[in-house]
Protein chains: 2
Amino acid sequence: MPAQKRLNRDELVATAMSVVDAEGLEAVTVRRVAQQHDVTPMALYRHFDDKDGLLDAVAERVLDDVRLPAADDRPWHEQMADLLTAFLDAMRPHPNATPLLFDRILSAESGLAITERTLTLLAEAGMSVDDGAEHACKALNFLVTLVLTEPGRGDDTDPAARDEALRAKRARLLTLDPARYPHVVAAAGPLTDCPSAEAYYRRGVESIVTAMRGPAAAAAPTAV
Amino acid sequence: MPAQKRLNRDELVATAMSVVDAEGLEAVTVRRVAQQHDVTPMALYRHFDDKDGLLDAVAERVLDDVRLPAADDRPWHEQMADLLTAFLDAMRPHPNATPLLFDRILSAESGLAITERTLTLLAEAGMSVDDGAEHACKALNFLVTLVLTEPGRGDDTDPAARDEALRAKRARLLTLDPARYPHVVAAAGPLTDCPSAEAYYRRGVESIVTAMRGPAAAAAPTAV
DNA sequence: CAAACTAGGTATACGACGTAAGCTTTCAGC
DNA sequence: GCTGAAAGCTTACGTCGTATACCTAGTTTG
């Protein structure tokens with residue numbers, strides 16, 4: 001990150017994002033981002049109201065990466081699965097940034113676009129405005145959680161430290177009394193790590209769509 | 001919170017919890033908790049390794065409040081709904097503390113008990129160890145998210161400030177271009193507030209259980 | 001019963017943080 | 001070249017978590 005003459009808002013955001021990705025949200029510091037551009041901390045305040053404004057921009061950048069699939073004439077739930085997957089694809093490169101998204105989906109422009117599309121599909125599915133809103137909120141927040149809590153993820157990217165923490169966590173589960181916690185002990189592996197991230201996310205999307213379709217979905221599987 | 005002669009770990013946790021409930025997680029400060037007990041900040045370090053240890057204890061207290069329902073012979077998914085509801089009932093009085101729970105369910109003793117029960121029910125449902133672990137993680141984390149993102153919740157309890165922020169948020173949605181975001185504008189109300197918390201949580205549990213039962217659930221509704 | 005140990009409080013201090021206020025530099029457009 | 005505004009700098013303040021060293025009351029022990 002060598003600095004050019006003039007500071008640039010987008011590059012500041014990029015720097016903050018790289019810190020988030022590498023070391024987690026708490027590592028993002030006004031002083032630190034400034035330092036990477038060889039600039040005084042106070043210089044950032046010409047580009048952002050405050051630190052929260054910087055984090056808003058980071059969240060916005062994640063949301064901007066979402067490539068909304070074009071609408072077509074497939075059943076709504078298939079389109080919904082694609083929409084959610086597109087959102088996932090944008091978040092997965094930046095798992096440490098996901099906590100920012102809970103509050104901010106309805107603040108950023110591209111978050112509004114995602115929400116609008118979600119609501120549209122739910123309306124096509126025949127949901128009332130109220131039901132659609134509730135399901136949309138739940139679905140998007142659940143998606144964020146899916147990334148936030150992907151088993152085997154640690155705040156830092158350093159693979160050595162991550163593996164170490166992971167092993168420690170699993171080891172702790174394995175020392176539990178198997179009489180009291182038989183299933184936890186048996187599932188120590190899958191509880192702490194994720195054999196296939198792809199499968200994890202695919203099933204996650206499927207679960208959310210299933211929840212949206214409701215308990216009667218399978219009874220009328222192609223209902224619009 | 002007047003202080004007695006000797007500091008007491010449980011009362012420190014209670015103080016921290018009351019701060020969390022009243023003003024949010026960021027308001028919890030070693031100095032502040034100490035002050036409420038008329039004690040030097042460093043005194044807390046005789047009872048907790050560090051601030052994170054204090055927060056661990058806060059999270060643990062929430063989990064300790066879970067009253068696990070007794071196992072019976074109803075279908076697993078009905079018992080699951082009750083289990084999840086019990087977890088919800090423990091979290092709902094402390095929504096600001098919920099972010100602590102994502103990482104800590106498998107650390108606290110009572111979190112292990114909840115997880116064990118969840119895994120047991122999923123095993124009864126015929127799930128493999130791997131599938132059960134994945135569904136259990138998702139379900140518990142989704143539940144946490146349900147409380148964390150309940151529409152219309154702000155970090156502070158002060159009802160005046162909360163209402164103000166809520167109104168502002170909704171007003172912003174209503175100023176959007178209805179041609180671009182018709183559904184968002186139409187759903188501004190339910191997107192920002194929650195008419196009935198009870199219904200919101202009931203449907204949330206229902207959604208999670210539906211997701212667990214999978215797309216084929218309704219086809220064989222009483223399958224064990 | 002005095003002496004030694006210990007658990008739990010205090011005092012002081014350090015470095016990092018976000019950011020307010022005011023000053024200085026750079027540079028585009030006249 | 002002059003001017004005004006945009007952008008970066010300097011200094012400073014208050015808050016945070018916590019390391020280190022100390023003190024003191026209460027218990028244990030020779």
Side-chain angles (χ1 to χ4, degrees), chain A residues 1-60 96-97 99-100 103-104 107 155-156 161, chain B residues 1-60 96-97 99-100 103-104 107 155-156 161:
Chain A
M1 334 257 128
Q4 73 269 45
K5 206 77 246 154
R6 224 57 175 187
L7 228 45
N8 170 290
R9 190 187 150 105
D10 281 350
E11 307 205 9
L12 289 172
V13 177
T15 301
M17 183 78 88
S18 76
V19 174
V20 171
D21 290 340
E23 303 179 43
L25 263 183
E26 328 73 39
V28 179
T29 272
V30 174
R31 290 171 143 90
R32 170 128 177 221
V33 172
Q35 194 177 19
Q36 300 222 0
H37 289 264
D38 284 317
V39 127
T40 287
M42 290 309 291
L44 298 214
Y45 287 80
R46 297 285 168 188
H47 303 271
F48 303 96
D49 282 350
D50 52 18
K51 186 186 175 180
D52 218 57
L54 173 60
L55 295 179
D56 286 348
V58 169
E60 196 163 349
N96 293 340
L100 298 173
D103 296 331
R104 292 173 167 93
S107 306
D155 256 9
D156 37 25
Chain B
M1 334 257 131
Q4 74 270 45
K5 204 79 244 154
R6 229 42 183 196
L7 228 46
N8 171 291
R9 189 186 151 106
D10 282 350
E11 308 204 8
L12 289 172
V13 177
T15 300
M17 183 77 90
S18 75
V19 174
V20 172
D21 291 340
E23 303 179 41
L25 262 183
E26 328 73 40
V28 179
T29 273
V30 174
R31 291 172 141 91
R32 170 130 180 219
V33 173
Q35 194 176 19
Q36 300 221 2
H37 289 263
D38 284 315
V39 128
T40 287
M42 291 309 293
L44 299 214
Y45 288 80
R46 296 284 169 189
H47 302 271
F48 304 95
D49 282 350
D50 51 18
K51 186 187 175 179
D52 218 56
L54 173 60
L55 294 179
D56 286 347
V58 169
E60 197 164 348
N96 293 340
L100 298 173
D103 296 330
R104 292 173 167 93
S107 304
D155 257 9
D156 36 26

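Throughout, protein chains are lettered first and strands after them, A, B, ... in sequence-line order, and every chain is numbered starting at 1.
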Rounded to the nearest 0.5 Å, what separation is found between the OG1 atom of A:Thr15 and the CG atom of A:Leu54? 9.5 Å
Take atom [atom1] of [X] and atom [atom2] of [N], then tell me their distance rounded to the nearest Å.
X       : N      : atom1 : atom2 : result
B:Arg9  : C:dG8  : CZ    : P     : 12 Å
B:Met42 : C:dA7  : CE    : C1'   : 15 Å
B:Tyr45 : C:dT12 : OH    : P     : 19 Å
A:Arg6  : D:dA6  : CZ    : P     : 11 Å
B:Glu26 : D:dC16 : CD    : C1'   : 14 Å
B:Arg32 : D:dG14 : CZ    : P     : 19 Å
B:Leu7  : D:dA25 : CG    : P     : 17 Å
A:Leu44 : C:dA20 : CG    : P     : 13 Å

Nucleotide nearest B:Val39 when distance is taken to its side chain, options D:dA7, D:dT18, C:dG9: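 The answer is C:dG9, which lies nearest to the side chain.
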Return the nearest nucleotide to the side chain of B:Thr40; candidates are D:dT18, C:dT10, C:dT19.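 Of the options given, the side chain of B:Thr40 lies nearest C:dT10.
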Contact class for B:Thr29 (heavy atom, under 4.0 Å): base, sugar-phosphate, or nothing?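 Counting heavy atoms under 4.0 Å across all strands, the contact made by B:Thr29 is with sugar-phosphate only.
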So does A:His47 get a side-chain nitrogen or oxygen closer than 4.0 Å to the phosphate oxygens (OP1/OP2) of D:dG8?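 A:His47 to D:dG8 OP1/OP2: side-chain N or O found under 4.0 Å.
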Check ion pair B:Arg6-B:Glu11 (N to O, under 4.0 angstrom): no
Lys/Arg-Asp/Glu bridge criterion (N-O < 4.0 Å) met for A:Arg104, A:Asp52: yes
Any donor and acceptor pair, going by atom type alone, linking the side chain of A:Arg9 with main-chain N or O of A:His47 inside 3.5 Å? yes
Between A:Asn96 and A:Val20 (side chain of the first, backbone of the second, donor and acceptor by atom type, cut-off under 3.5 Å), is there such a pair? yes
5'-most contact on DNA chain D: B:Arg46 or B:Asp49, nearest heavy atom basis?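 The residue mapped nearer the 5' terminus is B:Asp49.
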Distance criterion of 3.5 Å, no angle test: do you see the side chain of A:Arg31 paired donor-to-acceptor with the base of C:dG18? yes
